[in-house]
Structures are given as structure tokens and as C-alpha cells.
Amino acid sequence: TKSAAGMSLPSNKADSEGSVPTEPVSSDEDEYDGEDESEHCGLYMAISSTTTPEEPKWGYYAGKNIPANSPIGFGDIAIHTFNLMANQIYMENDQPVDDFDRNPRANLVDWLEQFLWVPHSSGGQFEVAGEGTRIITAVPGGGVLGGYNPKMTNADWNHSSAYHREALNEYPGVSHPGRGAYSSYYNLELASTETIPAGKEIFLNYGENWDGSSNGDGKTDPLTRSDYKKVDQTIEKMMAFFEKYRDDLDDNTKTEIYNFMVQDVMSAAAGKEKGKRIADILPENPDNLGDILERGGSFHLNSPASIRSPEWLKTSGMCMDNIRPGPSTIPYAGRGAFATRAIEKGSTVAPVPLVQIPDDKIFQMHQVKAIQVPAIEKDTDGPIAMLVRDGEETFARQLMYNYVYGHPESSLVFLPVGAVVNFINHSKERVNAKLVWSDHLNSKNTQWFAEDPQKLIDDEHSHLGLLMEIVATKDIAEGDEIFLDYGDDWQVAWDKHVAAFEKIKPETWPITALDLNQEHKTKLIRTKDEQPYPDNVSTKCFLMVKKPKEGEPEVDEQGRRIRVWSEADSGKPNIVSDYLFDCEVISSSETPEGRFYDIVWSNGESTTLVQKVPHKAVVFVDNPGTSDQHFLGFRHYIGIPDEIFPQGPWRNANSDKDEL
Ligand SMILES: C[S@@+](CC[C@H](N)C(=O)[O-])C[C@H]1O[C@@H](n2cnc3c(N)ncnc32)[C@H](O)[C@@H]1O
């Protein structure tokens, strides 16, 4: 039987370290079909097709065909950090010390930031305000493992998924010890921007424009993405042609016509260089044209390493969708992780690649102040505000500290970036999984155990080389919540926190944006003349508009511009953060087509009345500085068991883990 959970140990050694296997796609595609769907792994982690010996990389692969505009895996968590860099920058002789050679912690943040995102895809951009303020956000799973290959981008964030998340295990208005101890931003989904065939590596839109100048392997490819689309369309036409004249053409004539099409017609239409490239892609025999389309189109076929055979994924990869997020069965613990299929005792629940962070002090939070520094960019005139640490006193730690793995004798902590693994909660009584170091051939675990922590981000180590696995310590049934034992230190700290919270806890807790978004999944949003919403939240609208119909007024009696809400002509989603604006709901209506609002939006100079804004385009956000994360609640890392924490230089006893 295929227990998807059992596939990573010890059979995952087929791939040699640092090499790029480029075996062609198996023509026996049947292996992807005909199995019990839930048994079949839908997402794998394996070495990326873009890996190089100098820069080894994990990749994220589809295990099943993913239709266009569909979710990839499960929505994951977004963990925001506030002014992470500013907290490392101190002043010396009236100058900010931002020289990385002299400031190893700033250097460390710089390293960490390459795995992090701007907060907009998850809606976290309103968490803190002020000139010079920066929020950066970890989105584990696809957010870290999804590759970068601008020519092959096939995935992007679904902003709507984060704004419209279901409130899971929330207790509106209740004052409880879990407040601020976990992130309330989750369900941030990646969506396919095109059909992704099984075996294909997932590449995220990093916001760059595809310029068509080079492909992942650095070779020049004269074909642009739209050329590949045209090739696929031409293939369809050729197939239709041969189908139509099937009975009239003997094999010789057919081959002659086909060669004429491929050689002469293509060159004439696309130019010599492109024509040659297209001819190379097309099969010798016109009867095999259909294979190209079946295997995901000419573009995918032409980049062999980014599409892997099912066999390769099973032997070299590790399944990443054995767990999904859901409301934890522990009250006040937020979200948890649940098995999507039965997982046998001893087999892998999830791979956990780790981002190594040599100094946990980067998570200390200080007061920050703005100073004026000369602008670096030429087109900015005058000085700009830069935030720096104001004094040495530490008043809190970043929330990310609750998600990292650590050990009391070490300054090192590790951010786990496997899909969904950050949702796994702690329980001593119900523990059914544990952390182990993986022996996957592409991990550097044992070599790196012998390194000085500070060296772990130098050039030689500046990639994700450390890999753990979460392994089942009991048979786990589909739907069971997964629990680790975070360790005695964590339990003691939590118990202390609960006791302390009891003494100071307010009677009630402010209603948050998450609560209101949940409430308004089924209720109309109140207008400005009805009972106001609390001060700690604002309404925002996703606005894309067009002019009113011919003959309809463009200005109302109060002099406001009139516009009508619209979907994008391109069909692309318009629930994206770029289109999110402050708005005030002035009227609402319930119609058979749904709920709609008239809103006003002001850009400081003029005011616009937007009509027919659909319910889905109006959301609540927490005002800066007010969300649960700003409540200085519980902070503790997840303990790596002492038995598996390496002896040697990692135990540098340099940590500040108990200082605060
Ligand atoms: C790594 S996160 C786990 C995912 C988290 N539940 C979430 O929703 O994002 C660790 C945090 O989960 C919560 N947590 C985990 N186990 C818990 C438990 N047994 N009791 C209470 N809270 C728990 C605590 O807030 C802790 O700081």
C-alpha cells in the first residue's frame, strides 16, 4: 500500500548532492492516475531544478495536476516582524551603525530577510504605522520553498484568501492567555496562475517582470512565454488539420506536409532563430503532436528539469501535504495541524527545512526612534527617516520567537519553513509526533553540526542546508490533531504566563478585525449612520472602478465623482492589496445577486462615490498598534530535545533565552 507518510526515510537517497537530475518525463503517466485520491501526495519538497552546487535549493513540486487558478496546498501562516532591522541598528558618534561588518546582528537580519516577504499579500501592512517603519513577514511552506524562475512563474498569492479567512478557534471579546501568543494571520494561499501538471516545480511571482532574455539555466532562449502559447495553439491546429484529412492522406504525403509546416511555415512566421527552436520542440511524427499538449504544453516540455517523473518525486522527494491547518482542539491555542491521511507510527509526518539564525538576540525589541539620514536614491530629495534602536532596554520579543526551535544552551534558533508545520501545537498528554534530524541526502546536517554558529550564514553556508522531520510516534488517523512536546521549559513558561495573566487580565477583550470579518460573512456591513464600529478597526475596500454608463451622471449633487465598481477586464483577480483603500460605507442593499454597498473614498484632494461595491470587496483591518500581536503576551521558543541537540560548538551557552 502507499502510505504517503512513509516515503521519505530511508528511501530518499536517489539524488546525488547538488546535481540536477534531468531525466525526461516518464511516458507512463498512468502512475499519476487510478489511485485513491486522498492517499496520493499532492505536494512534494525535493531538490529544485534551479539548484547549483554553489547555491543548493529546495524546490516545491506538484504531486497531482493542479488546474489553473486553484489553491496550491493549504493556506499557511504569516508571521509578521516589526522593525526587525531597526532594532539591530544602534548609534555611535551620532551615526547609525548599519555597516554589516561591524554589526553582525544587522547582517543576520539581512540574511533572514531573503526568505521573508512584504506583508501585503497577507494583509499585515497596517499592523504598524509611522515613517520609516518596516514590517516583514515569514510565510512558511510555499512562501519560502516556492522557487524563483521568472520565466516559469506559475503561482501567485491569493490575497483574498488571507483577508477572507475563517476565524478558527477565536473567542470574540474574551480575555484569554493565548491573546498575542500566536499569529492571527493565516490561510494565506498560493494559487496556480496556469495549469500546473503533476511533477512540475512551483515558481512564485516575486514581482519581477518576465523579460524573455534568459531562462533558468542561464542559456538564451529566443522564445517568449507567449511564443510557447502560440506553439501550443499551432499544434492544436495542425492536429485538427491532420484529423480532418485523415482518410485522404497517405503516410508519405502526411509527413511531407508536416515537414513543410514545421520547417518552412514556422520559419516564415516566427523568423529563422525562433523557427528552428520551435522545430526542435516538435516531434518527428505528426501522430505524436498530442503528447506535447498532454504533458502540459511545449513550454513545460522544453524545461525538462522543472518537471519530474512520479517515480523521481517519490524516491527523491518528501510529501508536504500530510497535514492541513484547522481550529486547534486546545482552547485558546489558536490554529493546529491535522492529518490529511493515516500516518503510520515511525513514518514522516512532514519535512521541516530550517532557516538557521545564529543569534536569537535579533528578536529582542527595543524602543525605536526616527533619525534623518541623507537619501541614497538619486530621485529622492532631502533626507529620509531611518528608524534606529533608542537605548538598550529590551521590552519584548518578536512574535516569531514563538515559532522558532531552540535549545537553552545555544544562541542558535531555527525558523521551520515546512508547509503547515508552524501550526503544530504542544501537548505532553496527547503527543503523537517528534522532531528528528533527517538523513535525506541533500541535507548538510552532520557537517554543519561541527560549525561555529556564527559561520552558519557565511558564503559557504548561506542556503537552507539543515533539515528536520516530524515523525509519528504513534499511529495517527486521518483528522487527528498533531502534537509535539515543546519541552519542559516551554510548559513551565506557559504555566507561569497563565497564572500571571489571570492576575492582570482585563474583563473583556476588544473585538478585532478578524472577529468582524467573520461576523460579516453572513451580515450586512453597517453604514456610517448606523452604530459605529470600535475605534481599533477600519473598513477598507478593494476598489477597481469604471465610469458610469452613458447618460448616467458622473458627479453627484455634493460634487463627488461617481464611479461604479468593476471586475478587471483581464479577468485577473482584483481583490489584491494594491487596490485596497480607506473607505466609508454610506448605504447598503440586499439584492438577489448579493449584497452591495455605496462607499466614499477620499484621496485627500477629491472624494469619489463608488457604487455597487460587492460585499467581498469590503474588509475590516486592525488599526496600527492595536492587534493582539501588540499585546506583550507569552513568548517562548519550541524546545529541540536535548538528546538530539548536537554536542560541540552549537552549545555556545550564549543565549539570552532566560533574560527577559
Ligand atoms: C508554533 S505556534 C503553534 C501554532 C499556533 N497555535 C497558531 O495558531 O499559530 C506556538 C503557539 O501556539 C500556542 N500553543 C501551542 N500549544 C499550546 C498549548 N498546549 N496550550 C496553549 N497554547 C498553545 C501558543 O500560543 C504558542 O505560542
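When a ligand or atom number is given, it counts from 1 through the structure's own listing order.
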Show me a pair-per-line table, with atom names and distances to 0.1 Å, of protein N or O atoms that are under 3.5 Å from an N or O of ligand 1.
unit_1: ligand 1; atom_1: 6 (N); unit_2: A333; atom_2: O; d: 2.5
unit_1: ligand 1; atom_1: 6 (N); unit_2: R335; atom_2: O; d: 2.7
unit_1: ligand 1; atom_1: 6 (N); unit_2: N425; atom_2: OD1; d: 2.7
unit_1: ligand 1; atom_1: 8 (O); unit_2: R335; atom_2: N; d: 2.8
unit_1: ligand 1; atom_1: 8 (O); unit_2: R335; atom_2: O; d: 3.4
unit_1: ligand 1; atom_1: 9 (O); unit_2: Y403; atom_2: OH; d: 2.6
unit_1: ligand 1; atom_1: 12 (O); unit_2: N425; atom_2: OD1; d: 3.4
unit_1: ligand 1; atom_1: 16 (N); unit_2: H426; atom_2: N; d: 3.0
unit_1: ligand 1; atom_1: 19 (N); unit_2: H426; atom_2: O; d: 2.7
unit_1: ligand 1; atom_1: 25 (O); unit_2: A181; atom_2: O; d: 3.3
unit_1: ligand 1; atom_1: 27 (O); unit_2: A181; atom_2: O; d: 3.0
unit_1: ligand 1; atom_1: 27 (O); unit_2: N402; atom_2: ND2; d: 3.3

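Pairs of residues two or more places apart, or lying in two chains, that qualify as side chain to side chain donor-acceptor pair (under 3.5 Å) and include a residue from residues 113-124 are E113-R134. Annotation: salt bridge (Lys or Arg N to Asp or Glu O under 4.0 Å) contacts involving residues 492-503, sequence neighbours excluded, comprise E502-K505.
Inter-residue side-chain proximity for I640 and M468 is flagged as met; some heavy-atom pair is nearer than 4.5 Å.
For Y185 and H80, the ring centers are positioned less than 6.0 Å apart.
A side-chain donor-acceptor contact under 3.5 Å links E201 and S48.
Applying the salt bridge (charged side-chain N to carboxylate O under 4.0 Å, His left out) rule to K455 yields no partners; only residues at least two apart in sequence or on another chain are considered.
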